[in-house]
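To start, the structure itself, in structure tokens.
When reading the values below, keep in mind they use all heavy atoms of this one structure, side chains included, and skip hydrogens, waters and symmetry mates. Quick caveat: nothing in here was measured; it's all calculated off a predicted structure. Sequence lines set the chain letters: A, B, ... in the order given, protein chains first and strands last, and positions in each chain run from 1.
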2 protein chains.
Amino acid sequence: MTAAGKHQVSRAQTRGNRQGRAGIRDVAAAAGVSITTVSDALNGKGRLPDATRQHVREVADRLGYRPSAAARTLRTGKSGLIGLTVTTYGNEPFTFTEFAYFAEMARAATSAALDRGYALVILPATSRHDVWSNVALDGTVVIDPSDQDPVVSELVRQGLPVVSDGRPAGSLPVTAWVDNDHEAAVLGILDHLAAAGARRIGLLTGTTTDTYTRLSTTAYLRWCRRIGQDPVYEEYPAHDPCAGAVAADRLLARPDRPDAVYGLFDPNGTDLLAAARRYGLRVPEDLLLVCCSESTVYATTEPPITTLSLKPRRIGTAVVQLLIDAIESVETTGPIEQVIPTELIVRTSSQRRPPRRTVSPPRPSGQG
Amino acid sequence: MTAAGKHQVSRAQTRGNRQGRAGIRDVAAAAGVSITTVSDALNGKGRLPDATRQHVREVADRLGYRPSAAARTLRTGKSGLIGLTVTTYGNEPFTFTEFAYFAEMARAATSAALDRGYALVILPATSRHDVWSNVALDGTVVIDPSDQDPVVSELVRQGLPVVSDGRPAGSLPVTAWVDNDHEAAVLGILDHLAAAGARRIGLLTGTTTDTYTRLSTTAYLRWCRRIGQDPVYEEYPAHDPCAGAVAADRLLARPDRPDAVYGLFDPNGTDLLAAARRYGLRVPEDLLLVCCSESTVYATTEPPITTLSLKPRRIGTAVVQLLIDAIESVETTGPIEQVIPTELIVRTSSQRRPPRRTVSPPRPSGQG
DNA sequence: ATGAAAGCGCTAACAC
DNA sequence: GTGTTAGCGCTTTCAT
């Protein structure tokens, strides 16, 4: 035994604490130093000689010591946890409507958070206190918050920073937001279709009132008014995949059938393609097609379909950066409102003169 | 003022505590009771008169009191947090390879956890202590853990329950696991294809060594041996979408070209379909196709493709139930190892006599 | 039926 | 440089 005896006596010497797991006191005792020294050594604080630091680290390692996250959180007021919430449609607690979009966005957000030492907690958009208040959050990311979102209000009232994916409707007091310029995106697509020869462009849109749907639809209507085209659109509840197929069918069954369609939601491309086949319409010869999607399947459909990407990875990353900057009160480099450009991936379905499509010979396999 | 004065004096009466947020002491003072009474009243414990309980609740509400999750966690040793980890491939921190599968599974898991008062924390499969040990977990769900997974070992050593999606390879000491019977699923598909007239069935598989890929591939090889067919398969790194398209092409370019293919990964269906078109092969007349996928796009491809569903929602739910049972030491009703049946969704691509496909008249739209 | 007091394990301020 | 001390906000005996 070293000089351990001179330090404060605790349970640690009598008995291990929590179920045999070593606590900071056990480490201190075993290393023959005080708990402060242990804390400082392990956290790289204080001005300890490297020898001490090293020694403490070794002892901690040997004992398999892991600091208690709960205690640290209580003491410092920071948990390193960020909430992630998705607006729900209907009764399902989690309707990740735009599947690929959400998955990509969440993936990027998770990575970005991790890089800065934070982890993401998935939470429901309902304000069930018993869940939200049971987890210590440093801040929250809200995807597509509804107008007057109760969750957001509550969080803000608690003094927590909130950053939203999608510009907040009304006067929702978010700390910052990131979004695309949906109106510009729609106008761009309509122009693209018109340039490809479309005379009457239809829209497949949603019945929900979220900002994305609303902005996109009004942009479409405005474009129609400007161009002098009668709007041709069908609405359906975006969270219901079957309804999408039906709506696509309805759109192409109309007497004023459009010769080009833009679909706002991910599955619209395949649904419209299927509907077009049913009516014997060739794409792109009889019908031009574009849809908003992050899915890669549209690269290999017959024909490949032009898609609009909302760049979910960039959005997820940006949202998290803004939030953590707010949490840590770092000067955010950019503006508090960030607009991420969209990307139109042009494929055969929206080009009147499709690229040469011949049966290509088997390519020399690069790998085997 | 009521009898508040007789209770313990604290900062609470001098100053609000954390940035004006009410603490339990503030509530106690305002309600004229002790903090014990507040705690009991709010948590439904003790034997308090309903009047007191009600009164305390009102005061707490009025003050906007929210208990501190950190303090509760420290005191009780339970955080209500469950870790969710996905094995990573390559260098990316999060390669949710089977997109739809993961999204569905995570969604179900999140819901199931929420129903029981828990929330999910997304964590990386790397054993970076600085993240894992910074969050107080009650247990962890591990998706497809690798053999000798260091994360799992570490967690188990800490005494935390770990439940895995996918049976653990080797002697990984998980608390419980849930999985499909992948071998039976593959054999079922091969029989299905053979019954549809396939003479030579090919496999599109992965180069990774995870359990799913391994079991499925060996089942295929065993089936071939039993039937007396030469194996015809191509491998590729499953996390790389481009490699999948190339591998599909390679498979159909072989001199011993198969007349039926099963693809183990989600995008294989569209990739194989595209490759078949390039070689002028009609599906299902010249080539039968099945792939493992949770995606709904295969219902509307031309032709619709038969898919195997691994039932990720059932798996996600089961995993979480088992884990929470373990956390709460509830007697788990079922076995500690649960096998979830798969479902073969038969569509045109795997039937020699495809269902009648005529141009259907516009159906009467049910909604408008 | 209700209250006082003792910590949960850690960090930070301040002695020495 | 290193140790002592005072809590972070709550739950939980135990005493009244």
Side-chain angles (χ1 to χ4, degrees), chain A residues 2-12 16-19 21-29 31-53 55-56 60 65-80 133-134 136, chain B residues 2-12 15-19 21-29 31-53 55-56 60 63 65-80 133-134 136:
Chain A
T2 65
K6 76 180 180 193
H7 297 299
Q8 61 191 128
V9 176
S10 79
R11 272 171 317 91
N17 45 15
R18 154 146 70 125
Q19 295 203 33
R21 267 197 53 185
I24 195 173
R25 278 189 274 266
D26 303 278
V27 178
V33 297
S34 77
I35 59 170
T36 306
T37 304
V38 174
S39 178
D40 285 351
L42 264 33
N43 295 330
K45 303 203 169 169
R47 281 186 308 282
L48 306 179
D50 278 357
T52 310
R53 219 177 274 279
H55 176 224
V56 170
Y65 167 72
R66 296 278 174 273
S68 149
R72 185 196 306 245
T73 299
L74 178 57
R75 182 62 235 239
T76 61
K78 254 81 192 80
S79 66
S133 62
N134 249 334
Chain B
T2 64
K6 78 179 180 196
H7 296 299
Q8 59 190 132
V9 177
S10 82
R11 272 174 315 93
R15 226 181 46 75
N17 46 14
R18 155 148 66 128
Q19 295 205 32
R21 265 196 55 185
I24 196 173
R25 279 190 273 266
D26 303 278
V27 178
V33 295
S34 78
I35 60 172
T36 307
T37 304
V38 174
S39 178
D40 284 351
L42 264 32
N43 295 331
K45 303 203 170 171
R47 281 187 308 280
L48 306 178
D50 279 357
T52 311
R53 219 178 276 278
H55 176 224
V56 170
L63 265 48
Y65 168 71
R66 295 279 173 275
S68 149
R72 198 208 294 286
T73 299
L74 177 57
R75 184 61 235 238
T76 62
K78 253 84 193 81
S79 65
S133 62
N134 249 334

- Task: Quick one: label B:T52 by what it contacts on the DNA or RNA (base, sugar-phosphate, nothing), any heavy atom closer than 4.0 Å.
- Result: sugar-phosphate
- Expressed in angstrom and rounded to an integer, what is the separation of B:L74 atom CG from D:dG7 atom P? 17 Å
- How close or far is atom P of C:dC8 from atom NZ of B:K78, stated in whole angstroms? 17 Å
- Query: With sequence neighbours left out, what residues match B:R75 under salt bridge (charged side-chain N to carboxylate O under 4.0 Å, His left out)?
  - Reply: none
Can you name the closest pair of heavy atoms from [X] and [Y] and give their distance?
X: A:I24; Y: A:I35; answer: CD1-O, 3.7 Å
X: B:A71; Y: B:S68; answer: N-OG, 3.0 Å
X: A:R66; Y: B:S133; answer: CD-CB, 4.2 Å

Examine [N]: is either OP1 or OP2 under 4.0 Å from a nitrogen or oxygen in the side chain of [X]? Give yes or no.
X: B:S68; N: D:dG9; result: no
X: B:T37; N: C:dG3; result: yes
X: A:R25; N: C:dG7; result: no
X: B:R66; N: D:dC10; result: no

- Message: A:S79: which residues meet the side-chain contact (heavy atoms from CB on, under 4.5 Å) condition with it, sequence neighbours left out?
- Response: A:T73, A:L81, A:A136, A:D138
- Query: Mind checking what makes side-chain contact (heavy atoms from CB on, under 4.5 Å) contact with A:N134, not counting sequence neighbours?
  - Reply: B:R72
- Query: What bend angle does the helix from C:dA1-D:dT16 to C:dC16-D:dG1 show across its length, from five-pair end axes and to the nearest 10 degrees?
  - Reply: 40°
So which protein N/O to nucleotides 11-14 of chain C N/O distances come out below 3.5 Å?
residue : atom : partner : partner atom : Å
C:dT11  : OP1  : A:N43   : ND2          : 3.3
C:dT11  : OP2  : A:S39   : OG           : 2.9
C:dT11  : O2   : A:R75   : NH1          : 2.3
C:dA12  : OP2  : A:K45   : NZ           : 3.2
C:dA12  : N6   : A:T36   : OG1          : 3.0

- Query: Which nucleotide in the set C:dG3, C:dA1, D:dG3 lies at the smallest distance from any side-chain heavy atom of B:V33?
  - Reply: C:dG3
- Note on the structure: Taking for B:P49 and for A:A69 the nucleotide of DNA chain C with the nearest heavy atom, the one nearer the 5' end belongs to B:P49
- Item | Flag, side chain of B:D40 to backbone of B:T37, donor-acceptor distance under 3.5 Å | no
